[in-house]
Amino acid sequence: QVQLVESGGGLVQPGGSLRLSCAASGSIFSINAMGWYRQAPGKQRELVASITSGGNTNYADSVKGRFTISRDSAKNTVYLQMNSLKPEDTAVYYCNSLLRVKLGGPWMPNWGQGTQVTVSS
């Protein structure tokens with residue numbers, strides 16, 4: 001059983017900052033990519049940022065220059081530093097990881113339960 005637990009969401013004023021964390025635990029052999037998605041009311045879930053095991057990163061155009069993704073592979077944890085937040089960043093943020101539970105096993109996506117980020121004055 002694998003669990004992804006997110007933390008760090010909350011209410012922040014426009015222009016403010018938040019840092020999200022997501023820790024993966026359980027029967028994990030290795031993790032490939034980790035990332036953050038978000039879903040606003042009435043909209044589809046979208047990729048915000050991702051990072052590979054080698055440290056390569058990818059960002060949605062809407063967050064480039066404002067958000068930074070990083071990971072601590074020793075702790076199976078991924079972070080999302082969000083600066084210069086805008087009201088349109090308001091959404092539920094979900095952590096995702098692509099991992100396998102045994103050598104040679106299939107890579108499987110896993111999701112966290114989500115954490116609410118609200119940007120409002």
Side-chain angles (χ1 to χ4, degrees):
Q1 192 77 6
V2 175
Q3 279 191 319
L4 272 63
V5 179
E6 299 120 334
S7 61
L11 172 64
V12 64
Q13 291 186 341
S17 298
L18 282 175
R19 188 189 193 213
L20 306 183
S21 300
C22 172
S25 62
S27 301
I28 299 170
F29 179 76
S30 64
I31 299 178
N32 191 336
M34 300 187 80
W36 291 93
Y37 289 71
R38 67 187 180 187
Q39 187 166 20
K43 295 189 177 181
Q44 289 189 330
R45 190 173 296 189
E46 62 175 359
L47 174 67
V48 176
S50 63
I51 184 168
T52 68
S53 56
N56 293 318
T57 58
N58 181 48
Y59 295 93
D61 287 343
S62 59
V63 307
K64 283 180 181 177
R66 300 188 297 123
F67 291 9
T68 302
I69 190 170
S70 60
R71 65 189 284 177
D72 183 335
S73 295
K75 297 181 178 179
N76 289 338
T77 298
V78 64
Y79 307 95
L80 185 68
Q81 178 65 44
M82 304 185 294
N83 298 329
S84 302
L85 282 160
K86 304 175 181 180
E88 51 263 43
D89 295 317
T90 296
V92 178
Y93 284 69
Y94 296 91
C95 174
N96 173 272
S97 71
L98 189 65
L99 59 86
R100 54 185 180 183
V101 298
K102 62 180 180 180
L103 179 64
W107 293 103
M108 299 172 59
N110 285 265
W111 292 92
Q113 79 286 356
T115 185
Q116 177 70 45
V117 171
T118 302
V119 185
S120 175
S121 55

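When reading the values below, keep in mind they use all heavy atoms of this one structure, side chains included, and skip hydrogens, waters and symmetry mates.
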Reported CZ-to-OG distance for the pair Arg100 and Ser27, which is rounded to 0.5 angstrom:
15.0 Å

Output for pair (Gln3 CD, Ile28 CD1), nearest 0.5 Å, gives 10.0 Å

Rounding to 0.5 Å, atoms CE (Met108) and CG (Leu99) come to a distance of 7.5 Å

With a 4.5 Å heavy-atom cut-off, do Cys95 and Val78 have their side chains touching?
yes

Mind checking whether Val2 and Met34 sit in one hydrophobic cluster, side chains of I, L, V, M, F, W, Y counted as touching below 4.5 Å?
yes

Quick one: are Val5 and Ser25 in side-chain contact, heavy atoms under 4.5 Å?
no

Are the side chain of Glu6 and the backbone of Gln113 linked by a donor-acceptor contact shorter than 3.5 Å?
yes

Single-linkage hydrophobic cluster Val12~Tyr79, side-chain heavy atoms < 4.5 angstrom
no

For Ala60 against Leu47, the heavy-atom pair lying closest together
CB-O, 3.4 Å

Whether Asn58 side chain and Asn56 backbone form a donor-acceptor pair below 3.5 Å
no

Using the rule that Ile, Leu, Val, Met, Phe, Trp and Tyr join whenever any side-chain heavy atoms are under 4.5 Å apart, tell me whether Tyr94 and Phe67 fall into a single cluster.
no

For Ser21 and Trp36, the nearest pair of non-hydrogen atoms, with its separation, is O-CH2, 3.6 Å

Is there a path of hydrophobic side-chain contacts, each under 4.5 Å between heavy atoms of I, L, V, M, F, W or Y residues, that connects Met82 with Val119?
yes

Non-hydrogen atoms of Arg66 and Ser84 that approach each other most closely
NH1-O, 3.0 Å

Looking only at heavy atoms, the pair that brings Tyr93 and Leu20 closest together is CB-CD1, 3.7 Å

In terms of heavy-atom contacts, Ser53 and Ile31 come closest through CB-O, 3.9 Å

When you measure from the side chain of Arg71 to the backbone of Gly35, do you find a donor-acceptor pair of N or O atoms at a distance under 3.5 Å?
no

Same hydrophobic cluster for Leu18 and Ile51, using side-chain heavy-atom links shorter than 4.5 Å among ILVMFWY?
yes

Can you tell if the side chain of Trp111 reaches within under 4.5 Å of the side chain of Arg45, non-hydrogen atoms only?
yes

On a heavy-atom basis, which atom in Val63 and which in Val48 lie closest, and how many Å separate them?
CG2-O, 3.6 Å

Would you say Glu88 has more than 12 foreign heavy atoms packed within less than 6.0 Å of its CD?
yes

State whether the number of non-hydrogen atoms from other residues, nucleotides or ligands found under 6.0 Å of Gln116 atom CD is greater than 12.
yes

Is any NZ, NE, NH1 or NH2 atom of the basic residue among Asp89 and Lys86 found under 4.0 Å from an Asp or Glu carboxylate oxygen of the other?
no

